[in-house]
2 protein chains.
Amino acid sequence: MKKVERRGLSGGAADRIRDAILDGTFLPGTALREVELAGTLGVSRGAVREALAQLEHEGLVQSEWHRGTRVTDVTPEVAEEVYTLRATIERLASTLAAQRATPSELAELDGVVDRMALAVESGADAAELLALDIEFHDRVYRAARHRRLREAWLALRSSVRLCQLTRIRLGRAGYRGLVVDEHRELVELLRGTAEKRLARVAEEHVLGAMTALTHDLTLPAT
Amino acid sequence: MKKVERRGLSGGAADRIRDAILDGTFLPGTALREVELAGTLGVSRGAVREALAQLEHEGLVQSEWHRGTRVTDVTPEVAEEVYTLRATIERLASTLAAQRATPSELAELDGVVDRMALAVESGADAAELLALDIEFHDRVYRAARHRRLREAWLALRSSVRLCQLTRIRLGRAGYRGLVVDEHRELVELLRGTAEKRLARVAEEHVLGAMTALTHDLTLPAT
DNA sequence: TCTTGTCCGAATGTCGACATTAGGAGGGTG
DNA sequence: CACCCTCCTAATGTCGACATTCGGACAAGA
């Protein structure tokens, strides 16, 4: 059994605010005022402060001394930073996961890919596919059994989602076709011991997404 | 000119507590009680809470729901995690720095290495050498011009120092001889464009330190 | 007109009091 | 004797009030 996670109000508050940012309720640049959020969420300012600190740690917001907190803007620079950093840690994660993943963990990865394939065939919306994508990588990091590496991923994850969602909004997703095959290949490589090749593919898998997004972001707005 | 940094009390509190952990005032496993620290530092509990959250983010302490905060113990597992993660991000940092460092930044790196050489010759103590080591890498990350990467380093840095200090305390440092040459080589590689080789050397530079420390930590206590 | 100084509102930074929780001491029971 | 239940204490979690800081509006002076 998985142990129940006991969190305080600030954890829940962070989830709400994060969701609001990711689903576009709070657009980039929006000022997040503590009293306002505290009123909306029905918690004290202290809890909101902790939540915002957490989100800043995740790179979703930025705050300055006595000048408040604002939602981070997704510029090509940000996308490049997020994806290059992710590619780098993904390399380590996949290498470790290949060494340490149990057969049942690998089977569960297969399961996720199967669900992806199903989602693609049934024409599910992009957000659903994205959730599966994230879940896949969550499992890889868990299989790597490297606490600090996983924390680095958790800190980056929200930014990754934000970048991918931005891409979807720009209407140039078109990753439906590739996503299943790429992840299928990743599982196969994790299963094998061809670590060198694995590291390269894992890195390229991420960098490919980056190139596409930075390209989209550079184009004139539609 | 470099803009002055305005921080709140929690920043200062975090510095004090961090120093206390690094200089051995708070040994691993010590419980850090909020009211106690607030009294000692002369600030409110809120500020101490923020400081502890920051230190947890840096991996120096761990806290559980309603069970308080404790100083992280340096086990071989922790050392391995810290150094493998560091090696991974250092690879990206050195690659970027090689592309982006200005001549003056490279010259300043030379300066740091010179100071190292001087320190070794004059028989300075290990802590001083360590400070120069950290400063060297700080400058590399700054030259890489990658905000998120630098933040990842800042989060890891304290843990790196803690690991290295532990090593010094174990009395098996013996890195006096290597440290200058290794960093000198790094600067040369950053200057050149042999990026592939640079990435490998940068990674090995870190992994070597890890091997030594995990070895030391495995040995019976002296 | 441009600069400089002052005031003001609104937000964050800080604080101490109250509520909640974990873990142990103590006693009762099988 | 082991087990479990209850209570108690000491710590953290939460809250609202007060202090400080920022940036803009406004006016006086060069």
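Proteins get letters first, then strands, A, B, ... in listed order; numbering begins at 1 in each.
- Across the interface with DNA chain D, nearest-nucleotide mapping of A:V43 and B:E36 shows B:E36 to be the residue nearer the 5′ end.
- Judged by distance alone, the side chains of A:D73 and A:T75 never bring a donor and an acceptor atom under 3.5 Å apart.
- For A:R67 and D:dC22, the shortest distance from a side-chain N or O to OP1 or OP2 is not below 4.0 Å.
- At whole-Å resolution of the value, NE2 in B:H66 and C1' in D:dT12 are 5 Å apart.
- Aromatic ring pairs are classed by plane angle as parallel below 30°, tilted from 30° to 60° and perpendicular above 60°; the pair B:H183 and B:H137 is perpendicular.
- Side-chain atoms of A:L9 lie closest to D:dC15 of the nucleotides D:dC15, D:dG13, C:dT12.
- Side-chain atoms of B:S10 do not come within 3.5 Å of backbone N or O of B:A51 as any donor-acceptor pair.
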B:Q54 vs B:E58, side-chain hydrogen bond (donor to acceptor under 3.5 Å, both in side chains): CA-CA, chis, key distance, verdict: CA-CA 6 Å; B:Q54 169 67 24; B:E58 294 178 13; 2.8 Å; yes
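- The interatomic distance linking B:R70 (CZ) with D:dA11 (P) rounds to 11 Å, in whole Å.
- As judged by a 4.0 angstrom heavy-atom cut-off over every strand, A:G46 is placed among residues making no nucleic acid contact.
- Using a cut-off of 4.0 Å between Lys/Arg side-chain N and Asp/Glu carboxylate O, B:R147 and A:E81 are scored as not salt-bridged.
- Between the CZ atom of B:R6 and the P atom of D:dT20 there is a distance of 14 Å, rounded to whole Å.
- In this structure, the CZ atom of B:R45 is 11 Å from the P atom of D:dT14, given to the nearest Å.
- Atom CD of B:E64 is separated from atom C1' of D:dG13 by 15 Å (rounded to the nearest Å).
- OP1 or OP2 of C:dT14 has not a single side-chain nitrogen or oxygen of B:S44 nearer than 4.0 Å.
- A:L52 comes within 4.0 angstrom of nothing in the nucleic acid, heavy atoms only.
- A:R33 has its CZ atom 22 Å from the P atom of D:dT21, to the nearest Å.
- A straight line from CG of B:L41 to P of C:dG16 spans 13 Å, rounded to a whole angstrom.
- In this entry the distance linking CD of B:E34 with C1' of C:dT21 reads 14 Å, nearest Å.
- Here B:W65 reaches the OP1 or OP2 of C:dA22: one of its side-chain N or O atoms lies under 4.0 Å away.
- Regarding contacts with the backbone of D:dG13, a side-chain N or O of B:R49 is found under 4.0 angstrom from either OP1 or OP2.
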